[in-house]
Number of protein chains: 2
Amino acid sequence: MARLPVYQRILLELVRSGTATVSSEQLADMARVNASKVRKDLSFLGSFGTRGSGYDTEFLLSHIDKELGLDADWPVVFIGIGNLGRALARSQGFTSRGFRVSGLYDVATELVGTTVGVHVVRHLDDFEADAAVDPPAVGVIATPAAAAQDVADRLVGAGVRSLLNFAPRVLRVPSHVLLRQVDLSIELQVLSFYLSHRDHPASASVSSPLPHPVGLSPVEPG
Amino acid sequence: MARLPVYQRILLELVRSGTATVSSEQLADMARVNASKVRKDLSFLGSFGTRGSGYDTEFLLSHIDKELGLDADWPVVFIGIGNLGRALARSQGFTSRGFRVSGLYDVATELVGTTVGVHVVRHLDDFEADAAVDPPAVGVIATPAAAAQDVADRLVGAGVRSLLNFAPRVLRVPSHVLLRQVDLSIELQVLSFYLSHRDHPASASVSSPLPHPVGLSPVEPG
DNA sequence: GTTTGTGAAGTTATTCACAGCG
DNA sequence: CGCTGTGAATAACTTCACAAAC
């Protein structure tokens, strides 16, 4: 269920702001979807609502967290501590709720030894030894494209079974390894599609009612 | 059509590697989808394939580019030149194929005047004057969450009609403004979902065949 | 009265399967 | 022959609408 993370974020904000209950309609507004959809989605997890008053935010959040596996504690290593890697490793979304930074690695000698948040950047050559002591579950690759496949091979070799690849290159991994390729510029291309069908000189007369391109609605992380 | 950017990326790589034609099955493999889906998707754009041999990569790419609006030249401003903003502004995906960096802005005096790629970071206070000269079409917000709404208001006030928000806060904008909220940690949560249904101690016996979580398959930008 | 949970209806997307073109 | 393009069949998803629960 691809909308679960969205509900999770919204509920997290509601819990933090002290809201005790929320109706499907309120949740739907915040997630920018239909209220029935929210109810169908949530009924998939079980009957957690109270008719007449809505859902208990804290109770519902804990169940979504469990469903998403955010009640676990997966060690995550970050490879490639450039601008993007640093941004990811420091972001609350990547360092809380189910995940724990277990190591930051790079090959640039001027980066090795520096600190990012509370963590010290180590040389990639130390990775295998570190992994033997504290085996990482997830590897986040934010290296240049040319290095990504080698890094992926080393991660897989060290037993990492899940990869998140931000480098703009398609990776080959064994079938038992979970891989998600992430391309930040896809968002811009989607925007471009709507832009061109709305503002483009060549299509100024397009009258088809395009749906409003509303993406995920993240809420404030801690 | 949400898969168009994926095909675009794959075709871009194929064209660069000198591949002249590609069959729907090859494309499907690379995009990790079904071959009929590729054909249906592409037939939506018109009849660009040649029966018996496949699609001309260059010809097809140019048509997808046109459909996505990547043949236009939208000026993009980046607000918030921290780690993420810098990573985005430097990435090929954000600075080519339909987009042009028209300005980088921040409020940190130690950042103002520094260069990112070929561009100089300017103070946010200069934005309105700059925008009057070269009106930006798209604004990319990569500020801290607390600043995001103010920045969005200023961008909209200056006539920007499309926003891409990477700050973890839901923005309110007038209905004529296109807004996409992007949350980088959603990818990790999706991974977490699969992780927990595969590796989690509590569900080690789950036998339902989860689909392999393969995301977008970006290819090397120039 | 309010709001959930859910069958039924409606809609959209995916896959099949094959005629028709190169 | 190989491969596209596409109607028909299938499946997935979304919305409606309302009975049951609080």
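Here is how names work: the chains are called A, B, and so on, in the same order as the sequence lines, proteins then strands, and each is numbered from 1. Values reported hereafter were calculated over all heavy atoms of this structure, with side chains retained and with hydrogens, waters and symmetry mates removed.
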Expressed in angstrom and rounded to an integer, what is the separation of [X] atom [atom1] from [N] atom [atom2]?
X: A/Arg39; N: C/dT2; atom1: CZ; atom2: P; value: 15 Å
X: A/Tyr55; N: C/dT2; atom1: OH; atom2: C1'; value: 13 Å
X: A/Leu60; N: C/dT3; atom1: CG; atom2: P; value: 16 Å
X: A/Leu42; N: C/dG5; atom1: CG; atom2: P; value: 8 Å
X: B/Arg3; N: C/dA13; atom1: CZ; atom2: C1'; value: 8 Å
X: A/Leu27; N: C/dG5; atom1: CG; atom2: P; value: 12 Å
X: B/Asp56; N: C/dG22; atom1: CG; atom2: C1'; value: 15 Å
X: A/His63; N: C/dT4; atom1: NE2; atom2: C1'; value: 16 Å

- request: Decide ring-ring contact (aromatic ring centres under 6.0 Å, His included) for B/Phe48 and B/Tyr55; before the verdict, give the C-alpha distance in whole Å, the side-chain angles of both, and the deciding distance to 0.1 Å.
  value: CA-CA 7 Å; B/Phe48 297 143; B/Tyr55 298 89; 8.5 Å; no
- request: Select base, sugar-phosphate, or nothing to describe what A/Ser36 touches, counting heavy atoms under 4.0 Å on all strands.
  value: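 Base, at least one base atom sits under 4.0 Å.
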query: Checking all strands, does A/Phe48 fall into the base, sugar-phosphate, or nothing category for heavy-atom contacts under 4.0 angstrom?
result: sugar-phosphate
- prompt: Of A/Lys37 and A/Gly52, whose closest DNA chain D nucleotide lies nearer the 5' terminus?
  reply: A/Lys37
Is the backbone N or O of [Y] less than 3.5 Å from a side-chain atom of [X], with the two atoms forming a donor-acceptor pair by type?
X: A/Ser192; Y: B/Leu68; value: yes
X: A/Glu187; Y: A/Leu184; value: no
X: A/Asp56; Y: A/Leu60; value: no
X: A/Ser185; Y: A/Leu188; value: no

query: Does any donor-acceptor pair link the side chain of A/Arg51 with the base of C/dT4 at a separation under 3.5 Å?
result: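 Counting by modelled atom types and ignoring angles, a donor-acceptor contact under 3.5 Å is found here.
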- prompt: With a 4.0 Å cut-off, would you call A/Asp134 and A/Arg100 a salt bridge?
  reply: yes
query: Taking 4.0 angstrom as the limit, do A/Lys66 and A/Asp71 come out as a salt bridge?
result: no
N/O (side chain, A/Ser24) to phosphate O (OP1/OP2, C/dT3) under 4.0 Å: no
query: First contact, last contact: which nucleotides of DNA chain D are these for chain B, 5' to 3', heavy-atom distance under 4.0 Å?
result: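 The protein-touched segment is D/dG2 to D/dA8.
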field: Sub-6.0 Å ring centroid separation between B/Phe94 and B/Phe99
entry: no
field: Over 12 non-hydrogen atoms of neighbours within 6.0 angstrom of CZ in A/Arg172
entry: no
- prompt: Taking atom CZ of B/Arg90 as the centre, does the number of heavy atoms from other residues, nucleotides or ligands within less than 6.0 Å exceed 12?
  reply: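 For B/Arg90, atom CZ is not crowded (no more than 12 foreign heavy atoms under 6.0 Å).
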- prompt: Which dot-bracket string fits DNA chain C when only Watson-Crick or G-U wobble pairs with both atom distances under 3.5 Å count, crossing pairs get [ ], and | stands for a partner on a different strand?
  reply: ||||||||||||||||||||||
task: Could you pick out which residue, B/Asn34 or A/Thr50, lies toward the 5' side of DNA chain C when each is mapped onto its nearest nucleotide?
output: A/Thr50
field: 5' priority, DNA chain C, between A/Lys40 and A/Ser53 [closest heavy atom]
entry: A/Ser53
